[in-house]
Amino acid sequence: MQALRAVRSGLRAARQSYRNFLEPRPPLKWTLSALVWLPLALFVTEYGVNVKAVHGRSMQPTLNPDDSTWKDIVLFDSFSIRVKHQYNRGDIVALKSPTDSKLIVKRIVALEGDIVKTLPPYPDAEVRVPMGHAWVEGDEPFRTEDSNRFGPVPLGLIQSRLTFILWPWARIGPLGQPLIARHDAQIGSPDWRRSKAELEREKWRHSRVTVAPPKPDPAPESKADADSVVVSHRA
């Protein structure tokens, strides 16, 4: 018991000495604090969530619509992509362009094994998405450079999923949920009509994709098979 008290007393003394050493040296204190928190901040930014402004018009009207005077500020979820490896058709994602490595924002239209009816200028009328790849497109087909130009992209280029519009105030809400389906939607309003048009575009995208059948689960090994393996091993 006395030894435990001595250890606690030593720790308190060391902590107080550390504080007394840093108090008259603010630059050193800030530097040490940065060394402690910077790796954590980098990890959260790389593998957690962060906030970014979306530039460009390739995802109109979902992002940066013409009637908005502000650039959309969106929550980027890296955890779902880089840790959980969740890729879903219809998700809006940020990825490195396979042509110049710039960060671009597109929508996942098809995944591995799916057959896509392509758009110009892609040379083939249809393409099957290879294993480990996705087909991505912008929502505005006349203002986008996407898979219809550079083909399927490796899943490894996808960095995050866009989940929530944080600004402007009038457009705050989750991405992927049409306004027409929300309880607060005002029927007949401009936003409601835009949402209805988005549903029509979504149906059109789906009509161009033949989804690959799900992979069958591996058949469980029967007892007879197991016995035959044992007998063969003994032989």
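Leu162 and Ile81 are not part of a single hydrophobic cluster, where members link through side-chain heavy atoms under 4.5 Å apart. A chain of hydrophobic side-chain contacts below 4.5 Å, direct or via other Ile, Leu, Val, Met, Phe, Trp or Tyr residues, connects Trp169 to Phe164. Under the 4.5 Å side-chain heavy-atom criterion for Ile, Leu, Val, Met, Phe, Trp and Tyr, Ile158 and Trp135 are members of distinct hydrophobic clusters. Taking hydrophobic clusters as Ile, Leu, Val, Met, Phe, Trp and Tyr residues chained together by side-chain heavy-atom distances below 4.5 Å, Val49 shares a cluster with Ile73. Val211 and Ile115 end up in different hydrophobic clusters when Ile, Leu, Val, Met, Phe, Trp and Tyr side chains are linked at under 4.5 Å.
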Can you list the steps and then say if Met59 with Val54 is a side-chain contact (heavy atoms from CB on, under 4.5 Å)? CA-CA 9 Å; Met59 288 301 297; Val54 177; 5.8 Å; no
Go through Arg82 and Gln159 one step at a time and tell me if the side chain to side chain donor-acceptor pair (under 3.5 Å) criterion holds. CA-CA 7 Å; Arg82 310 197 74 167; Gln159 296 189 340; 5.3 Å; no
Stepwise, does the side-chain contact (heavy atoms from CB on, under 4.5 Å) test hold for Ile108 with Asn88? CA-CA 7 Å; Ile108 295 179; Asn88 302 304; over 6 Å; no
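Between Arg57 and Asp66 there is a side-chain heavy-atom pair separated by less than 4.5 Å. When side chains are defined from C-beta on, Ile165 counts as touching Leu175, because their heavy atoms get closer than 4.5 Å. Val105 is not listed as a side-chain neighbour of His55, based on a closest heavy-atom distance of 4.5 Å or more. The closest side-chain heavy-atom distance from Asp114 to Arg89 is below 4.5 Å. Using a 4.5 Å heavy-atom threshold, the side chains of Ile104 and Leu95 count as touching. The shortest distance between side-chain heavy atoms of Leu155 and Tyr87 falls below 4.5 Å. Side-chain contact between Phe150 and Val136 is present, with at least one heavy-atom pair separated by less than 4.5 Å. Counting only heavy atoms from C-beta outward, the side chains of Val74 and Leu166 never approach each other to under 4.5 Å.
For Glu145, the side-chain contact (heavy atoms from CB on, under 4.5 Å) partners two or more places apart in sequence, or in a different chain, are Arg149.
Applying the salt bridge (Lys or Arg N to Asp or Glu O under 4.0 Å) test to residues at least two apart or on different chains, the pairs with a partner in residues 125-142 are Arg107-Asp139, Glu137-Arg208, Asp139-Arg205.
Closest approach of Ser147 and Ala134 over heavy atoms only: OG-O, 4.2 Å. Here the shortest heavy-atom pairing between Lys71 and Pro168 reads O-CD, 4.4 Å. When all heavy atoms of Ser101 and Lys96 are compared, the pair lying nearest together is O-CG, 4.0 Å. Here the closest non-hydrogen pair linking His133 and Pro154 is CD2-N, 3.5 Å.
With hydrogens and angles disregarded, a donor-acceptor distance shorter than 3.5 Å links the side chain of Asn64 to the backbone of Asp72. Between the side chain of Asn148 and the main chain of Tyr122, no donor-acceptor pair closer than 3.5 Å is present. Judged by distance alone, with hydrogens and angles left aside, the side-chain atoms of Asp124 form no donor-acceptor pair with the main-chain N or O of Val127 at under 3.5 Å. Within the 3.5 Å criterion, the main-chain N or O of Ala125 finds a donor-acceptor partner in the side chain of Thr118. A donor-acceptor contact shorter than 3.5 Å links the side chain of Asp100 to the backbone of Lys102. Judged by distance alone, with hydrogens and angles left aside, the side-chain atoms of His206 form no donor-acceptor pair with the main-chain N or O of Trp204 at under 3.5 Å.
Using a 4.0 Å cut-off between charged nitrogen and carboxylate oxygen, Lys106 and Asp146 do not count as a salt-bridge pair.
Atoms CZ and CZ, on Phe76 and Arg161 in that order, are 12.5 Å from each other to the nearest 0.5 Å. Summarising the geometry, atom OG belonging to Ser160 is positioned 6.5 Å from atom CG belonging to Leu103; distances are rounded to the nearest 0.5 Å. Atom-to-atom distance recorded for Arg143:CZ and Ser58:OG is 10.0 Å, nearest 0.5 angstrom. Annotation: the span from Ser68 atom OG to Gln60 atom CD amounts to 9.5 Å, rounded to 0.5 Å.
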